[in-house]
Amino acid sequence: MEELIQQLYTASEGRKQCRITLKGEPFPRLIHPYGVCTTSRNKIVLVCQQVAGFTKAGRTAGFRNLDFQRVEEVEVLDNTFQPDASFNPEDTQYKEWVYHI
């Protein structure tokens with residue numbers, strides 16, 4: 001888990017896109033990593049903006065709080081991103097941050 005958090009932290013600091021694979025999903029997601037935190041429901045999540053890849057039927061690209069326990073693999077890509085101005089790390093759904101951009 002620590003290695004995955006370190007990869008995501010490094011990617012976030014460099015504003016690098018990532019390709020992540022979650023347990024039980026048929027193909028990866030392309031994300032902009034914003035941080036890792038504990039939610040108000042005491043769940044550890046990867047906070048990100050998903051831009052492509054696997055999603056539930058009918059969902060479009062956008063912010064996601066992905067269950068960190070399901071993250072199997074992180075690939076940091078060379079492409080960079082600009083954080084969305086609407087991201088609010090002070091939102092009450094986020095309880096305690098490991099890190100955030």
Side-chain angles (χ1 to χ4, degrees):
M1 182 186 277
E2 288 180 31
E3 181 180 326
L4 293 175
I5 289 175
Q6 185 61 47
Q7 283 181 288
L8 289 163
Y9 174 79
T10 301
S12 296
E13 288 294 300
R15 306 300 195 258
K16 299 284 188 176
Q17 291 183 356
C18 293
R19 183 176 298 118
I20 64 167
T21 303
L22 300 182
K23 292 176 188 168
E25 294 186 353
F27 52 95
R29 300 172 184 235
L30 181 62
I31 64 158
H32 300 164
Y34 280 62
V36 173
C37 74
T38 303
T39 67
S40 57
R41 295 181 179 170
N42 291 321
K43 187 174 183 180
I44 299 172
V45 295
L46 165 59
V47 179
C48 63
Q49 186 171 32
Q50 182 172 331
V51 294
F54 184 79
T55 190
K56 293 180 182 176
R59 295 203 59 191
T60 58
F63 285 108
R64 301 280 191 280
N65 293 337
L66 303 174
D67 182 349
F68 194 81
Q69 300 297 321
R70 292 186 55 219
V71 176
E72 288 186 326
E73 185 178 349
V74 174
E75 178 185 358
V76 179
L77 306 174
D78 290 332
N79 299 346
T80 58
F81 69 92
Q82 290 298 315
D84 189 304
S86 67
F87 173 62
N88 178 11
E90 302 302 319
D91 190 301
T92 57
Q93 68 179 312
Y94 309 126
K95 182 177 176 183
E96 186 175 331
W97 287 99
V98 174
Y99 82 89
H100 67 79
I101 58 174

**Prompt:** Taking C-beta and beyond as the side chain, do Val98 and Phe68 meet within less than 4.5 Å on heavy atoms?
**Reply:** no
**Asked** Under 4.5 Å between any side-chain heavy atoms of Val47 and Cys37, yes or no?
**Response** yes
**Closest non-hydrogen atom pair between Gln82 and Tyr34, with its separation** = O-OH, 4.3 Å
**Request:** Might you confirm whether atom CG of Asp78 has over 12 heavy atoms from other residues, nucleotides or ligands at distances under 6.0 Å?
**Result:** no
**Asked** With Glu75, which residues qualify under salt bridge (charged side-chain N to carboxylate O under 4.0 Å, His left out), at least two apart?
**Response** Arg19
**Asked** Roughly how far, to the nearest 0.5 Å, is the CD1 atom of Ile44 from the CZ atom of Arg70?
**Response** 15.0 Å
**Prompt:** Does the side chain of Leu46 come within less than 4.5 Å of Ile31's, by heavy atoms?
**Reply:** yes
**Item:** Counterpart residues, ring-ring contact (aromatic ring centres under 6.0 Å, His included), relative to Tyr9 (two or more places apart)
**Value:** Tyr99
**Message:** Against Thr55, only a single residue in Arg29, Arg64, Gln50 fulfils side-chain hydrogen bond (donor to acceptor under 3.5 Å, both in side chains); can you say which?
**Reply:** Arg64
**Request:** Would you indicate whether the side-chain heavy atoms of Thr80 and Lys16 approach each other to under 4.5 Å?
**Result:** yes
**Asked** Under a 4.5 Å cut-off applied to non-hydrogen side-chain atoms, are Phe63 and Asp84 in contact?
**Response** yes
**Item:** Hphob cluster co-occupancy, Leu30 + Val74, side-chain heavy atoms under 4.5 angstrom
**Value:** no
**Complete:** Shortest non-hydrogen pair, Cys48 vs Leu66, comes out as SG-CD1, 3.7 Å
**Interatomic spacing from CG in Asn42 to NZ in Lys95 - rounded to 0.5 Å** = 3.5 Å
**Prompt:** Any side-chain heavy atom of Gln7 sitting closer than 4.5 Å to one from Thr10?
**Reply:** no
**Asked** Going from SG on Cys18 to CG on Leu77, what distance comes out if it is rounded to the nearest 0.5 angstrom?
**Response** 6.5 Å
**Item:** In one Ile/Leu/Val/Met/Phe/Trp/Tyr side-chain cluster, 4.5 Å: Val71, Val45
**Value:** no
**Heavy-atom donor-acceptor pair, Ser12 side chain to Pro33 backbone, under 3.5 Å** = yes
**Request:** Treating Ile, Leu, Val, Met, Phe, Trp and Tyr as nodes and any side-chain heavy-atom pair under 4.5 angstrom as an edge, say whether Ile20 and Leu4 lie in one connected cluster.
**Result:** yes
**Prompt:** Does some side-chain heavy atom of Lys23 sit less than 4.5 Å from a side-chain heavy atom of Asp67?
**Reply:** no
**Within-4.5 Å side-chain heavy-atom neighbours: His32 and Pro83** = no
**Message:** Can you tell me how far apart CG (Asn88) and OH (Tyr94) are? Round to the nearest 0.5 Å.
**Reply:** 8.0 Å
**Message:** For residues Ile101 and Ile5: do they belong to one hydrophobic cluster (side chain heavy atoms under 4.5 Å, members Ile, Leu, Val, Met, Phe, Trp, Tyr)?
**Reply:** no
**Complete:** Sequence neighbours excluded, the answer for side-chain contact (heavy atoms from CB on, under 4.5 Å) partners of Pro89 is Phe87, Trp97, His100
